[in-house]
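Indexing begins at 1, ligand by ligand and atom by atom, following the structure's order. Bear in mind the structure is a predicted one, so any value in this text is a computation, not a measurement.
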Amino acid sequence: MRTDSEEMDPTMAHEPGAPLRVALLGCGVVGSAVARQLVDHADDLAARVGAPLQLVGIAVRRPQRPRPDVPVDPTLFTADADGLVERADIVIEVIGGIDPARELILRAMAHGASVVSANKALLAEDGPTLYAAADAADVDLYYEAAVAGAIPILRPIRESLAGDDVRRVLGIVNGTTNFVLDRMDTSGAGFAETVEQAQALGYAEADPTADVEGFDAAAKAAILASLAFHTRVSSGDVYREGITEVTAGDIQAARDMDCVVKLLAICERVTGPDGGDAVSVRVHPAMIPRSHPLASVRDAFNAVFVEASAAGPLMFYGRGAGGDPTASAVLGDVVAVARHRVAGGRGPGESAYADLPVVEMGRSRTRYHISLDVADRPGVLAQVATAFAAHDVSIETVRQQAAPGEGERAKLIVVTHAASDAALAATVDALAELESVDDVASVLRVEGA
Ligand SMILES: NC(=O)C1=CN([C@@H]2O[C@H](COP(=O)(O)OP(=O)(O)OC[C@H]3O[C@@H](n4cnc5c(N)ncnc54)[C@H](O)[C@@H]3O)[C@@H](O)[C@H]2O)C=CC1
Ligand SMILES: N[C@@H](CC=O)C(=O)O
Ligand code: NA
């Protein structure tokens with residue numbers, strides 16, 4: 001059997017029955033669940049892989065800290081992550097963030113280890129560097145846990161749908177924001193108090209910025225779009241709006257339309273400015289009809305709706321966060337890369353041959369719901385309609401409601417046909433300038449109809 005100090009040649013088939021050395025980087029929410037499951041299911045995992053998985057170390061910041069919830073030999077904890085990755089066949093990175101996670105992954109690959117990561121921030125920011133390093137070292141890079149936690153979505157896109165043509169991916173990929181929007185819908189509560197509830201229940205972090213501002217969902221959208229469309233999309237390419245501006249009034253407006261508001265990650269194939277293929281990748285709150293499959297995704301659950309040319313619509317649903325669910329996805333990847341080690345060879349690398357441009361948000365087309373507080377007198381509707389027409393935005397429906405207790409004021413609710421984001425923004429600016437419009441109370445995109 002190989003000793004820990006020898007470097008590996010990953011192209012050589014594994015010695016039958018010899019253990020595969022697994023290094024775990026990070027022992028927080030996900031890492032501790034991974035360690036527990038590795039220990040609890042050691043025999044089954046060995047049978048599935050064809051070789052035992054031997055945990056050779058867990059890199060943490062404070063190795064001496066007691067961790068009674070992690071049932072491993074305490075001497076496995078080490079602060080020397082650099083040294084640990086050099087003596088592993090498989091490295092599991094669940095530290096999070098960009099550095100040192102990136103350096104550790106690159107070091108691990110350079111020493112011949114395959115890598116499993118849950119790190120969407122890193123994959124979305126610098127995936128190509130990691131893929132190039134995996135190619136150079138002829139090792140695997142798997143990251144199913146990085147998008148929608150436990151839900152198998154990346155391997156289905158990367159492998160099961162590799163023979164099809166994915167047209168669109170529409171996902172609820174952030175559990176914290178789905179919980180907040182769902183509670184606002186069911187209880188009528190405001191944004192701030194619902195975020196506090198999410199924190200009390202352990203869904204939202206003490207600093208929920210990455211979730212509520214849409215950064216987490218944008219990273220996941222970049223990863224989904226890259227895999228779905230065989231191209232490179234990084235988090236900086238993704239248009240992003242979070243849910244901090246969603247008001248109880250928006251939620252009520254959606255309810256009036258028999259819709260719900262969801263934070264959606266939307267990845268679509270579109271026609272670019274030159275008439276060629278391009279992609280649109282965006283994250284923003286949007287109304288969707290209550291009859292749409294994504295509308296029934298409640299609490300902190302995630303779901304991803306995929307439309308492919310031949311397969312048609314596909315729906316993936318489950319837990320997008322939490323230690324055990326996320327560890328399930330991590331361990332699925334560990335088994336996959338371990339099997340490759342045992343049999344020789346590796347799984348698919350990066351597929352970015354399509355090399356598609358990402359269109360700017362102004363060119364994205366969608367329907368809009370606009371709620372206006374206006375004066376209730378002759379000619380106002382005509383003025384409003386003129387503002388839409390002037391920017392080539394076609395109105396689908398318009399409805400007037402009396403504004404309760406407001407005398408000569410009224411509420412106009414306009415739903416448009418699909419229009420470009422730039423045209424809609426210009427229309428909203430023009431509406432706000434109208435003397436008869438007191439307030440553009442709510443502007444929400446409408447998807448999934
Ligand atoms: N928590 C969740 O539900 C999910 C998390 N993820 C991803 O999994 C990764 C880990 O997330 P969590 O476990 O929630 O984070 P966490 O903050 O609970 O755990 C990270 C651990 O890494 C340790 N760490 C940080 N820098 C280190 C270093 N240089 N050396 C050794 N240890 C270091 C921290 O002390 C902490 O214990 C992140 O990339 C996250 O985005 C993905 C899906 C769901
Ligand atoms: N913070 C994320 C969990 C990790 O991906 C969420 O709320 O969904
Ligand atoms: Na997943």
Side-chain angles (χ1 to χ4, degrees), residues 23-35 57-63 65 67 70 77-85 91-105 116-125 142-158 171-181 195 198-199 201-220 223-224 227 242-243 263 265 297 299-304 316-333:
L24 180 60
L25 309 181
C27 198
V29 173
V30 179
S32 57
V34 168
I58 305 178
V60 292
R61 284 194 179 120
R62 287 180 293 147
R65 207 188 93 195
R67 291 178 171 83
V70 186
F77 290 104
T78 173
D80 179 18
D82 284 346
L84 176 60
V85 300
V91 169
I92 304 171
E93 183 276 305
V94 281
I95 287 174
I98 306 302
D99 285 316
R102 173 169 44 198
E103 282 106 1
L104 288 167
I105 289 174
V116 172
S117 173
N119 193 334
K120 60 252 170 178
L122 176 57
L123 263 306
E125 180 166 309
Y142 274 44
Y143 45 91
E144 180 60 71
V147 178
I151 304 175
I153 181 64
L154 300 189
R155 264 192 282 158
I157 291 178
R158 187 154 90 155
I172 294 171
V173 291
N174 184 268
T176 302
T177 48
N178 200 58
F179 175 85
V180 170
L181 292 171
V195 170
Q199 283 170 320
L201 286 165
Y203 294 131
E205 301 195 17
D207 176 4
T209 309
D211 293 317
V212 298
E213 295 290 0
F215 289 103
D216 177 78
K220 292 166 178 169
I223 294 171
L224 286 169
L227 294 176
I243 63 164
L263 182 72
V297 178
D299 293 321
F301 277 81
N302 283 194
V304 184
F316 301 81
Y317 171 84
R319 291 191 190 279
D324 280 331
T326 308
S328 162
V330 169
L331 283 170
D333 280 352

Decide whether an N or O pair under 3.5 Å exists between [X] and ligand 1.
X      : answer
Gly149 : no
Val29  : yes
Glu93  : no
Gly97  : no

List every atom of ligand 1 that sits less than 4.0 Å from any heavy atom of Gly28, numbering the atoms from 1 in the order shown and giving each element.
13 (O), 18 (O), 19 (O), 21 (C), 37 (O)
Side chain, backbone, both or neither: which part of Ile95 has a heavy atom under 4.0 Å from ligand 1?
both
Just to confirm, does any protein heavy atom lie below 4.0 Å from atom 17 (O) of ligand 1?
no
Do Thr78 and Asp80 pair up side chain to side chain, a donor and an acceptor below 3.5 Å, judged on atom types alone?
no
For a distance under 3.0 Å, tell me if [X] has an N/O/S atom near the Na ion (ligand 3).
X      : value
Ile151 : yes
Ala145 : no
Gly149 : yes

I'd like the name of whichever of Ala33, Ala81, Gly322, Ala300 reaches closest to atom 2 (C) of ligand 1 through any heavy atom.
Gly322
N or O pair under 3.5 Å between Asp211 and ligand 2
yes
Within the structure, does Gly175 bring an N/O atom to less than 3.5 angstrom of an N/O atom in ligand 2?
yes
Vertex the Na ion (ligand 3), rays to O in Val147 and OE2 in Glu144 - rounded to 10°:
110°
